[in-house]
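Contents: one structure, followed by commentary.
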Amino acid sequence: MAPLTTRAVLLRAYDYGETSRIFRFYTRDRGLLGIMAKGVRGRSGKGGSALATFTTGDLTAYVKPNRDLHTMKDFAGVRARGGLGGHMLRFGGASAVAELVVAHTEQESNPDLFEALETALDTLEGAGESLLPTACLSALWQVVAALGFAPEVDHCVRCGRSLTDSDEMGRFDAGAGGVRCAGCGADAAGPRLGPGARDQLIRLLEGRLDPPVDVPRRHLSLLSDFVAFHVASRPLKSLHFLGDILPTS
């Protein structure tokens, strides 16, 4: 069998036996792949020296149909992103992005998601301290959007009325998939969302970080509820951890 070579991002790694490891890569050409790397622990062979979490590189592996675990031949890293591991909030944001991708995706190509993943990790590594909480939220929302689950923020999810020029207080209805206008939100149980917070949500989805959002933990709560309804079907542990380390304001 001829090996497959594709650009890939390493999202997770687990020890297996005494010398091997199992990796979860998100690849440009085949989506999410589980890879067995034999003999990489304790030596630099088979690309072992480049196998750091969140590294982008060229993965060469023997990929067989209808299998969950494939065999690695080589991994040549081209972007290590070492800065993510040296800062708790950067690492927390990157870990949440990785868990989101692993929880939803399968072995199928999604170039938009691959680009969103790389952009998210690069943004998290490069964002300044004051913008880092906003960068975490934006990275996650853009990955959610690339998965095909962007919330509706321009029109009421119940009546369809435009909210573009509205200054009314609405509600975020995670189950319905977006924002309700004031009239349709009167009997809804979701958190209230004013025009300022809605504008911040729009900027997060568009990847605009400056100015930073107000009360990032409240924005993370909206995102967590939305992800549980539409993307992962369960609460993600990394989002809970991220909530603990995000600033309160």
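Here the structure is a predicted model, which is why all the values come from computation and not from measurement.
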**Request:** Measure the shortest side-chain to side-chain distance between Pro216 and Pro247 over non-hydrogen atoms and say whether it is less than 4.5 angstrom.
**Result:** yes

**Prompt:** Looking only at heavy atoms, what is the nearest atom pair of Leu163 and Val153, with distance?
**Reply:** CD1-O, 4.0 Å

**Asked** For His219 and Leu201, which heavy atoms make the closest approach, and how far apart are they?
**Response** CE1-N, 4.1 Å

**Prompt:** When rounded to the nearest 0.5 angstrom, what is the spacing between CG in Leu32 and CG in Asp68?
**Reply:** 10.0 Å

**Request:** Give a yes or no on whether Val143 and Leu137 share a hydrophobic cluster (residues Ile, Leu, Val, Met, Phe, Trp, Tyr; joining criterion: side-chain heavy atoms under 4.5 Å apart).
**Result:** yes

**Request:** Check the hydrophobic clustering (I, L, V, M, F, W, Y; side-chain heavy atoms under 4.5 Å; chains of links allowed) and say if Val215 and Leu222 are grouped together.
**Result:** no

**Prompt:** Relative to each other, are the rings of Phe226 and Phe172 parallel, tilted or perpendicular (30° and 60° limits)?
**Reply:** tilted

**Message:** Starting from Leu131, can I reach Val213 by hopping between I/L/V/M/F/W/Y residues whose side chains sit under 4.5 Å apart?
**Reply:** no

**Asked** Salt bridge between Asp122 and Arg79, side-chain N to carboxylate O under 4.0 Å?
**Response** yes

**Request:** Count the heavy atoms belonging to other residues, nucleotides or ligands that lie under 6.0 Å from CD of Glu168, then report whether that count exceeds 12.
**Result:** yes

**Request:** Check step by step if salt bridge (charged side-chain N to carboxylate O under 4.0 Å, His left out) holds for Arg81 and Glu118.
**Result:** CA-CA 10 Å; Arg81 299 190 179 92; Glu118 288 225 280; 3.1 Å; yes

**Request:** Please report the shortest heavy-atom distance between Pro212 and Ser130, naming the atom on each side.
**Result:** CB-O, 4.0 Å

**Message:** Between Thr134 and Arg208, is there a side-chain donor-acceptor contact under 3.5 Å, judged purely by atom types and distance?
**Reply:** no

**Complete:** Grouping ILVMFWY residues whenever side-chain heavy atoms fall under 4.5 Å, the cluster of Val157 otherwise contains none

**Item:** In one Ile/Leu/Val/Met/Phe/Trp/Tyr side-chain cluster, 4.5 Å: Leu242, Leu209
**Value:** no

**Request:** Check whether the ring centres of Phe75 and Phe25 lie less than 6.0 Å apart, and answer yes or no.
**Result:** yes

**Message:** Hydrogens and angles aside, do Thr119 and Gln142 bring a side-chain donor and acceptor to less than 3.5 Å of each other?
**Reply:** no

**Message:** Minimum heavy-atom separation for Phe91 and Gly85, please, with both atom names.
**Reply:** CD1-CA, 4.2 Å

